[in-house]
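From a predicted model like this one, the values you see are computed outputs, not experimental measurements.
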Amino acid sequence: MRPASRTSRRVLLPVAITAALAAAAAAALLPYSSAAPSAAAAADGLPHTVVEVSPGACGHGWDRPHAGRQVFDLRNTSSDAAEVYLTDASSGALLGEVEGLAPGVQRPLQVVLGRGSYVFRCLPEDADAVTGPTVRITAGPATGGPAVLPVTEHDLIPPTLEYQKWVGQGLGRLVGKADALRDAVDRGDLAAARTAWLDAHLAYSRLGAAYGAFGDLGDAVDGLADGRPGGVKDQDFTGFHRIEYGLWHHEAADRLRAPARRLADDVRKLRDRWADARMEPADLGVRAHEITEDTVTFELTGHSDYGSGSSLATARAQLDGTAEVLDRLRPLLEPRDPELPGIDRWLARTRDDLDALRHDGTWPAPGDLQVEQRERVDADFGGLVERLAGVAAVCDVRRTS
Amino acid sequence: MNGSEGVGRRSFLRRAVAAGVGGAAAGAVGLRVAESAAEPERTAADQSPAVPFHGTHQAGILTPPQRHAAFTAFDVTARDRGELAELLGVLTERLRFLTAGGSPLPAGVGEPPSDSGMLGPVVPADRLTGTVAVGASLFDDRYGLAALRPRRLRTMDVFPDDAPEDAWCHGDLLLQLCAENPDTVLHALRDIARHTRGLMQVRWRIDGFVSPPRPGGSPRNLLGFKDGTGNPDTADSGLMDRLLWVGRGAGEPDWATGGSYQVVRLIRMLVEFWDRVSVNEQERMIGRARDTGAPLDGSAEFDPPRYTQDPKGDVIPLDSHMRLANPRTPADAASRLLRRGYNYDRGLLPNGDLDVGLVFCCFQQDLDRQFATVQKRLAGEPMTDYIKPYGGGYFFALPGVRGPADRLGGALLA
Ligand code: HEM
């Protein structure tokens with residue numbers, strides 16, 4: 001079973017702190033919060049500035065701005081947890097953020113600043129954002145870095161809807177393919193069943209069902225035997241891989257009828273449920289990255305291979321799935337992610353190298369590749385996944401108000 | 001996002017790092033100040049200093065062996081010469097930072113963190129060295145380097161007592177990482193693999209350790225004997241020029257000047273068998289006393305053996321390892337080499353015996369005149385029953401990186 005969804009990367013710290021405690025903590029802080037750059041050199045050798053985070057004094061304490069690498073010690077003097085953004089005041093680009101800064105807590109934010117104007121924004125939980133004073137840096141290097149224009153939930157809604165629609169169409173087609181698999185098994189035509197299995201499984205893989213994107217139904221459709229006490233013989237092991245195991249381990253057709261019917265039913269349910277569901281916009285960027293993480297973890301290792309030896313075909317389908325997500329995100333990424341051309345290049349390179357390994361419509365199992373072939377595929381996916389990691393970070397949803 | 005510059009960006013810009021910020025990690029302060037003050041501060045004195053990265057020769061060759069090492073052979077997956085140059089550039093940048101230590105630059109909000117954090121917010125130098133060597137296969141037709149192959153560099157020979165396992169042999173590039181702590185070594189390997197993932201892939205890897213002196217003198221290998229006693233004096237630069245470094249006009253390509261042939265041999269030790277052999281027999285196989293490391297005709301570790309007074313090998317057998325390896329006649333002086341091996345412990349063999357041995361590693365000016373000659377002399381030595389070479393390779397350690405503007409393999413790809 002693939003790991004559960006990394007649903008939100010923005011879960012606030014589970015700080016259970018009573019209002020009274022928080023107030024006490026905030027009060028305790030006050031004597032120290034006449035913030036100025038700390039005179040004594042900090043242990044990390046960098047200049048530190050204590051900056052206040054609260055609705056009334058957001059960004060206060062930054063009195064002696066200077067360029068270069070530095071640390072802001074963000075101190076939440078309010079009674080609510082808050083997010084803090086440091087932005088470039090002219091472009092709106094985000095230089096740094098601290099999420100879930102609990103009341104009474106101080107956390108460091110390290111950045112590199114160039115000449116320009118900057119502003120802290122404090123975003124208390126369940127309250128409006130507060131913008132601090134604009135601070136100008138007039139001397140020093142021209143550019144600091146890295147900064148990225150924030151992506152808001154609003155930005156992500158149109159591509160998410162489009163992507164959801166595309167997945168919905170794919171699930172619609174999958175129903176027919178799962179039915180074909182069920183029918184072949186019913187007829188006892190196992191050769192046809194193997195062909196239908198591959199066709200259906202690749203269609204599913206193309207939908208990029210990484211990291212539990214389809215929840216429990218996703219597990220029923222494409223879960224692995226991991227975590228099942230009986231392993232591949234476990235009664236509850238169902239879905240594509242259960243059928244794959246049987247089809248490629250000489251299991252009799254009548255033993256596969258129930259799993260094949262169940263799969264066809266589950267795929268139908270998935271299609272119907274998907275039509276009613278709303279995909280989290282925050283998930284789209286994560287999906288762009290994690291489909292490929294799945295490929296690396298499950299397909300390139302052969303871990304998800306229950307006999308068909310189709311890991312590379314799956315990997316190839318997942319690559320298509322990643323390309324679909326990226327295409328939806330492209331308008332957002334173009335002004336934000338300088339790595340985008342690199343991503344496109346590595347996508348193409350990976351695709352070409354995989355295609356070159358296909359003979360007569362099928363791929364060898366990863367374990368059957370020659371060392372050089374295997375290294376090339378691993379390198380391609382490795383180079384790609386390193387670059388995709390930034391997409392998830394860039395598309396992390398940031399608040400505007 | 002500001003700062004885009006194509007392929008190299010990840011390594012040089014957004015994930016660039018600033019070296020030289022020393023000192024302890026910044027803990028959370030403020031309300032938690034008491035807590036963090038209670039933590040013992042790591043002062044500069046606790047940190048092993050940096051081994052200089054720049055120089056005529058690479059570090060990690062003459063450097064007195066650090067306690068831990070990882071030998072990792074890679075195959076280069078770079079598509080063309082340009083990507084190979086990029087790879088060597090990234091390797092240079094990463095090693096320059098990692099060996100100096102310091103605090104990694106912030107990655108900003110559009111990237112995962114630039115450092116794994118394994119070593120805390122300030123990366124200690126910990127005497128880390130990273131030595132990069134190339135294998136013969138790098139000089140095939142992929143990068144147009146065939147004419148520049150060091151003259152002696154080839155696929156590792158198979159000697160009569162060898163049992164080579166393909167998965168543990170050869171490679172386009174060898175990275176030898178050494179540091180005083182195993183986490184420093186692993187951190188460096190993880191960092192380098194991350195930055196080079198698309199351009200090279202690990203072929204094999206083995207970790208090793210050097211034991212502390214017990215009780216003094218050279219550290220012991222896993223047969224219980226002191227190892228390294230007979231090494232040439234690395235402080236003698238004239239001797240190093242004669243034995244280690246490729247010089248100009250020696251028939252090697254110009255770019256190779258300042259480099260050195262590196263041989264790695266993965267040698268399994270059948271320690272259970274060895275332990276069932278009397279100490280006398282053990283000592284006669286090696287040629288030295290186990291407790292002191294002294295030659296069998298001497299009393300202290302560094303006493304020179306006097307083979308001329310023992311021509312028939314009554315005291316130090318003619319077929320003892322030490323005597324075969326270096327008969328110490330004037331004619332053999334040119335075959336001396338610098339050993340820099342590490343013990344390894346990889347768990348268990350299929351029969352339940354310990355899977356341990358020696359990552360034999362040596363450097364020399366001429367692979368044939370030195371390593372191959374010595375290895376041939378050792379053929380069939382009595383010790384062969386207790387050891388089994390199965391992996392490793394022949395490599396050429398690149399010349400040093402001369403300064404901030406230079407990079408590994410700069411002259412090779414010039
Ligand atoms: C597991 C394998 C090996 C073991 C356990 C081993 C052990 C030893 C020991 C205990 C000594 C004596 C102490 C010293 O001078 O360092 C020694 C010396 C030496 N060994 Fe090895 N050795 C091994 C493999 C090799 C190989 C593969 C070579 C080279 C082909 C080699 C070359 C030498 C040389 C040159 C000396 C120094 C001889 C001298 O100058 O007196 N050894 N070895």
#### Entry: Heavy-atom closest contact (B/Gly110 atom, A/Val148 atom, distance)
N-CG1, 4.0 Å
### Task
Could you tell me which non-hydrogen atom of A/Ala393 sits nearest to which non-hydrogen atom of B/Glu111, and how far apart they are?
CB-N, 3.6 Å
### Message
Restricting to non-hydrogen atoms, name the atom on B/Leu199 and the atom on A/Arg349 that form the minimum distance, rounded to 0.1 Å.
### Response
CD2-NH2, 4.3 Å
### Atom pair CG (B/Leu105) and CD (A/Gln110), whose distance is rounded to the nearest 0.5 Å
7.0 Å
## Note on the structure
On a heavy-atom basis, the closest approach of B/Pro112 and A/Ala389 is CG-CB, 3.8 Å
#### Entry: Verdict with supporting geometry, A/Asp380 and B/Arg79, salt bridge (charged side-chain N to carboxylate O under 4.0 Å, His left out)
CA-CA 11 Å; A/Asp380 287 345; B/Arg79 274 323 127 83; 3.2 Å; yes
### Summary
Value for CD (A/Glu386) from OG1 (B/Thr196), rounded to nearest 0.5 Å, stands at 9.0 Å
### Query
Does any heavy atom of chain B fall under 4.5 Å from the side chain of A/Val71, the backbone, both, or neither of them?
neither
### Task
Of all the heavy-atom pairs spanning A/Glu375 and B/Gln201, show the shortest one and how long it is.
O-CG, 3.3 Å
### Query
Between A/Arg345 and B/Glu83, is there a side-chain N and carboxylate O pair less than 4.0 Å apart?
no
### Query
If you count the non-hydrogen atoms of other residues, nucleotides and ligands that lie under 6.0 Å from CG in B/Asp183, is the total more than 12?
yes
### Message
Testing the basics here: between A/Val371 and B/Asp75, what is the closest heavy-atom pair and its distance to 0.1 Å?
### Response
CG1-OD2, 4.2 Å
